[in-house]
Visitor: 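Right, I'll just put the structure down here and ask away after.
Within every chain, numbering begins at 1; the chains are lettered A, B, ... in the order of the sequence lines, protein sequences first and strands thereafter.
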Protein chains: 2
Amino acid sequence: MNMESPITESPEVLVARLAKAGREAQRGLALLPDARKAEALRAVAVALREDEGPILEANARDVAAGEAKGLTDALLDRLRLDPKRLAGIADAVEQVAALPDPVGQVIDQSERPNGLKLSRVRIPIGLIGIIYESRPNVTADAAALCLRSGNAVLLRGGSEALHSNRAIHAAFARGLESVGVPADAVQLAPTQDRALVGAMLTAAGLIDMIVPRGGKSLVARVQADARVPVLAHLDGICHTYVHSSADAAMARALALNAKMRRTGICGAMETLLIDAQFPDAVALAGDLLDAGCELRGDARAQALDPRIVTATEEDWDTEYLDAVLAVAVVDGLDAAIEHIARHSSHHTDAIVTGDHAAAERFLAEVDSAIVMVNASSQFADGGEFGLGAEIGIATGRLHARGPVALEGLTTYKWQVRGTGQVRP
Amino acid sequence: MNMESPITESPEVLVARLAKAGREAQRGLALLPDARKAEALRAVAVALREDEGPILEANARDVAAGEAKGLTDALLDRLRLDPKRLAGIADAVEQVAALPDPVGQVIDQSERPNGLKLSRVRIPIGLIGIIYESRPNVTADAAALCLRSGNAVLLRGGSEALHSNRAIHAAFARGLESVGVPADAVQLAPTQDRALVGAMLTAAGLIDMIVPRGGKSLVARVQADARVPVLAHLDGICHTYVHSSADAAMARALALNAKMRRTGICGAMETLLIDAQFPDAVALAGDLLDAGCELRGDARAQALDPRIVTATEEDWDTEYLDAVLAVAVVDGLDAAIEHIARHSSHHTDAIVTGDHAAAERFLAEVDSAIVMVNASSQFADGGEFGLGAEIGIATGRLHARGPVALEGLTTYKWQVRGTGQVRP
């Protein structure tokens, strides 16, 4: 599509047209052998490196406009590219090229008494819509994962990154075309009209799945308005429960890591539950306070250290994404599981324990996308799970959950092979 | 819940209350061992048999009211129970009890270089809403499948079957309670207020999935209004393509069975595509005409037999569910695949061919939930697929597709077992 042509269609007509082109390209893509899709992504990585000049130039325009608009330093940092970051983007595309292709995988097969042979075979989902904010790397990351799994993608990035996204997309498209993959497999929305987002969210039957990539307000809007299935998580209110039998050194190390390694990620611990029988609670809380974390506790937690301030009811349901932690003292495993059932966002919850039975009960009874024993909740990540990448972490209950990479971007069909069977 | 108490809450408040009770019951249900869930369903089958008197009496009231209201014979037939049908319902519950339990199944596992052990384990979805019409057997069938897979269920049946549903539900609840399973795991909506359906459809976060069971208008309404994920199919516009290399006898037998065995089911063939090079096209069409099927053809199909009437554009997109068939003559495999891509409802599409390469291309390129080679599309059924039962057939692209039984009523969580790993 020519990016510079004025948009005169309604957002719905535009989305329908883009979706039609994307779906058409996807039909071809779905049938490409593994090696061709990998080759296409390697060509994209080459094109991204070749286009370093124009991409960084486009990005400088976005950054300058952002500075003039008074964007915060945090936003400007997300927006800014430099040679190292751009090389990282190209490398990531190459890494996705090297991942195993889930398409064509046989999930299971059986033969019926009448001789019919059934197989369930992985296929791409179809057309994925990505709605994102100011990070231009999403343009390449998300598109690479969708393409690797045979999906077409319709990208709608934030207006702050408009020129960067167009330059990255142009390199992506050129890479695809250089190996004969239709460029419409990866389309960038040609307008920043906000109504386009609404039209994407309601394009059921045209767009098969939406992945929002950005802050909580973006995800909340997408989840509220979408008629298309959404793969996302809204909150990461992750708990770590330190059981009475926990090894003290392990519990202290895990709590510190789960909270303080990076406070701004969705897998960061937001609530620490300390068993009333855990003997080293004072040191556990002290470590976090000494590391600069604000602790907000219930009355029994406050008794552990005078620096712990009073938690309100709201604290148990808050994702701080900061050096702040809610702390409660609980009476045993059941009370911990009950607290988590009431307050967890079902992202990642962990227990630290030396008791095998307690560990297995926690794993079975805590109903979250990821449940952990004796590990830091900060491991909640596609790369750490060995998926090679991730399109996002999902807390919905259907389709894919937890870190989602290529397999979560596929669905399946039933293939039935007969020899003339009629149904009696 | 007391069914006779007047409903004074708003539909939204009522759904929230029912959902809370259902979710609470589900937490217990999710942890029951396989044997207990099977035992509960066997107790339900016993209770259904014990309650033959009250259930048939309640059903007689519904049938009498339906006759007074002037319901069609077809609707009255769906509504009517007799000792044999009721015994069939109880038997079906027992058969579901005997199915293998998918909950707890390990989908896959891996160990990371840092020693973290990851497993993906099947868990119930949660609370399933079933919205259905006049068939009282759905009350027991759907509830049994949900319960077998550890899900709670909220049933909302048609008002025509109100007394039958209440009587079946009472037996179901008594069976569950007799073995200590909370009766709230299977709730029947206590009001026929139509606004309740709307409140169920928008209860995102309270109800995890909706399964509509009924005619096209019900499914269309549910799909249009739902914010909760829906497992369903709207249309079964199923194609059979007879390739040039098809065995003539096989093609004739399959076409006749796919169309005429039962014309009213979703897997019935609605469009026959005949390859221009298939030598026995006249006999193929003649068999169907002789069997009493109306054929609506394009110009080339009409040339096969003077009894074939003219198809309009609409015929290619119509699910007749009757002894009517659209017939087109196509030039080769690509044209057949193209026709199917344009007109299929992505339910079940089949090829009849003697050519292995054509079969494999059809299986790969036709993008439907079920694709078949040399078999009747009427096999599209959970029982025929060896699933033991089915909650429905889904044509959506996410989660479960094609015939859906117990596995499609589950999702998974990630379990991570560590020994104190912190993330670097």
Side-chain angles (χ1 to χ4, degrees), chain A residues 27 30-31 110 112 116 118 120-121 123 125-126 204 208-209 223 227 229 247 249-250 253-254 256-258 261 341 350 352 359 363-365 367-376 378-379 381 384-386 396-399 401-403 411-423, chain B residues 27 30-31 110 112 116 118 120-121 123 125-126 204 208-209 223 227 229 247 249-250 253-254 256-258 261 341 350 352 359 363-365 367-376 378-379 381 384-386 396-399 401-403 411-423:
Chain A
R27 278 185 65 197
L31 302 173
S110 61
R112 303 293 306 147
L116 285 181
L118 274 61
R120 287 195 301 167
V121 177
I123 60 169
I125 287 177
D208 296 301
M209 184 164 81
Q223 289 188 332
R227 310 308 294 259
D247 176 81
M250 186 193 291
L254 286 177
L256 211 52
N257 186 264
R261 174 184 163 272
V352 190
L363 289 175
E365 298 189 24
D367 185 24
S368 296
I370 307 170
V371 284
M372 292 184 169
V373 174
N374 295 339
S376 166
Q378 299 232 355
F379 280 113
D381 171 89
E384 294 296 328
F385 275 35
R397 297 193 69 81
L398 296 189
H399 194 65
R401 310 187 76 208
T411 181
Y412 63 83
K413 65 171 144 187
W414 293 86
Q415 293 183 336
V416 182
R417 290 173 174 85
T419 50
Q421 286 85 347
V422 297
R423 187 167 172 191
Chain B
R27 277 185 64 197
L31 302 172
S110 61
R112 302 295 305 148
L116 285 182
L118 274 61
R120 286 196 301 167
V121 177
I123 60 168
I125 288 177
D208 297 299
M209 184 164 81
Q223 290 188 332
R227 309 309 293 257
D247 175 83
M250 186 194 290
L254 287 177
L256 212 52
N257 185 264
R261 174 184 163 273
V352 190
L363 290 175
E365 298 188 25
D367 186 25
S368 297
I370 307 170
V371 282
M372 293 183 168
V373 174
N374 294 339
S376 166
Q378 299 232 354
F379 280 114
D381 170 90
E384 294 296 328
F385 275 36
R397 298 193 68 80
L398 296 188
H399 195 66
R401 310 187 77 208
T411 181
Y412 62 83
K413 65 170 143 186
W414 293 87
Q415 294 182 336
V416 182
R417 290 173 173 85
T419 51
Q421 286 85 344
V422 297
R423 187 168 172 189

Visitor: Measuring heavy-atom distances to chain B, does A:M250 have an atom under 4.5 Å in its side chain, in its backbone, in both, or in neither?
Guide: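 Side chain only.
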
Visitor: Between the side chain of B:R397 and the main-chain N/O of A:I125, is any donor-acceptor distance below 3.5 Å?
Guide: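 Side chain of B:R397 to backbone of A:I125: a pair is present.
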
Visitor: Can you tell which part of B:N374 gets under 4.5 Å to a heavy atom of chain A, answering side chain, backbone, both or neither?
Guide: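 Both parts, heavy atoms under 4.5 Å.
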
Visitor: Is any side-chain heavy atom of A:V422 closer than 4.5 Å to a side-chain heavy atom of B:R261?
Guide: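 The answer is no; the side chains never approach within 4.5 Å.
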
Visitor: Closest heavy-atom contact between A:A375 and B:L116?
Guide: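 Scanning both residues, the minimum pair turns out to be CB-CD2, 3.6 Å.
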
Visitor: Please classify the contact of B:D381 with chain A as side chain, backbone, both or neither, using a heavy-atom distance under 4.5 Å.
Guide: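 Interface part for B:D381: side chain.
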
Visitor: Do B:R112 and A:E384 meet the salt-bridge criterion of a basic N to acidic O distance under 4.0 Å?
Guide: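 Salt bridge flag = no for B:R112 with A:E384.
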
Visitor: Just wondering, do B:L363 and A:R417 contact through their side chains at under 4.5 Å, heavy atoms?
Guide: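 The answer is yes, as the side chains (C-beta and beyond) meet within the 4.5 Å cut-off.
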
Visitor: Relative to chain B, which segment of A:A253 carries a heavy atom at a distance below 4.5 Å: side chain, backbone, both, or neither?
Guide: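 Both parts, heavy atoms under 4.5 Å.
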
Visitor: With chain A, which of B:P403, B:G396, B:A204, B:A249 has the greatest number of heavy-atom pairs at distances under 4.5 Å?
Guide: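 Most heavy-atom pairs under 4.5 Å with chain A: B:P403.
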
Visitor: Below 4.5 Å, heavy-atom pairs only: which of A:M209, A:E365, A:R227, A:Q223 has the largest tally toward chain B?
Guide: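 Heavy-atom pairs under 4.5 Å are most numerous for A:R227.
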
Visitor: Would you say that A:R27 contacts B:D367 through its side chain, given a criterion of any heavy-atom pair below 4.5 Å between the two side chains?
Guide: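 When only atoms from C-beta onward are counted, B:D367 and A:R27 do not touch, as no gap falls below 4.5 Å.
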
Visitor: Identify which part of B:A341 has an atom lying under 4.5 Å from any heavy atom of chain A, answering side chain, backbone, both or neither.
Guide: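 Only the side chain of B:A341 comes within 4.5 Å of chain A.
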
Visitor: Among B:R120, B:M372, B:Q421, B:R401, which residue has the highest count of heavy-atom pairs closer than 4.5 Å to chain A?
Guide: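 Most heavy-atom pairs within the cutoff with chain A belong to B:R401.
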
Visitor: Are side-chain heavy atoms of B:V416 and A:I370 found at a separation under 4.5 Å?
Guide: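 A side-chain contact exists here, since the closest heavy-atom pair is under 4.5 Å.
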
Visitor: Main chain of A:F379, side chain of B:R423: is a donor-acceptor contact present, judged purely on distance under 3.5 Å?
Guide: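 Pair absent, no side-chain N/O of B:R423 close to backbone of A:F379.
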
Visitor: Specify the closest pair of heavy atoms between A:P229 and B:L398, including all atoms of both residues, with the distance to one decimal.
Guide: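 Nearest pair, atom of A:P229 first, then B:L398: CB-CD1, 3.3 Å.
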
Visitor: Below 4.5 Å, heavy atoms only, C-beta onward: do B:F385 and A:L118 meet side chain to side chain?
Guide: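 Side chain of B:F385 against side chain of A:L118, heavy atoms only: contact under 4.5 Å found.
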
Visitor: Do side-chain atoms of B:K413 reach the backbone of A:G402 as a donor and acceptor pair under 3.5 angstrom?
Guide: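 No, the answer is negative, given that no donor and acceptor are paired below the 3.5 Å cut-off.
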
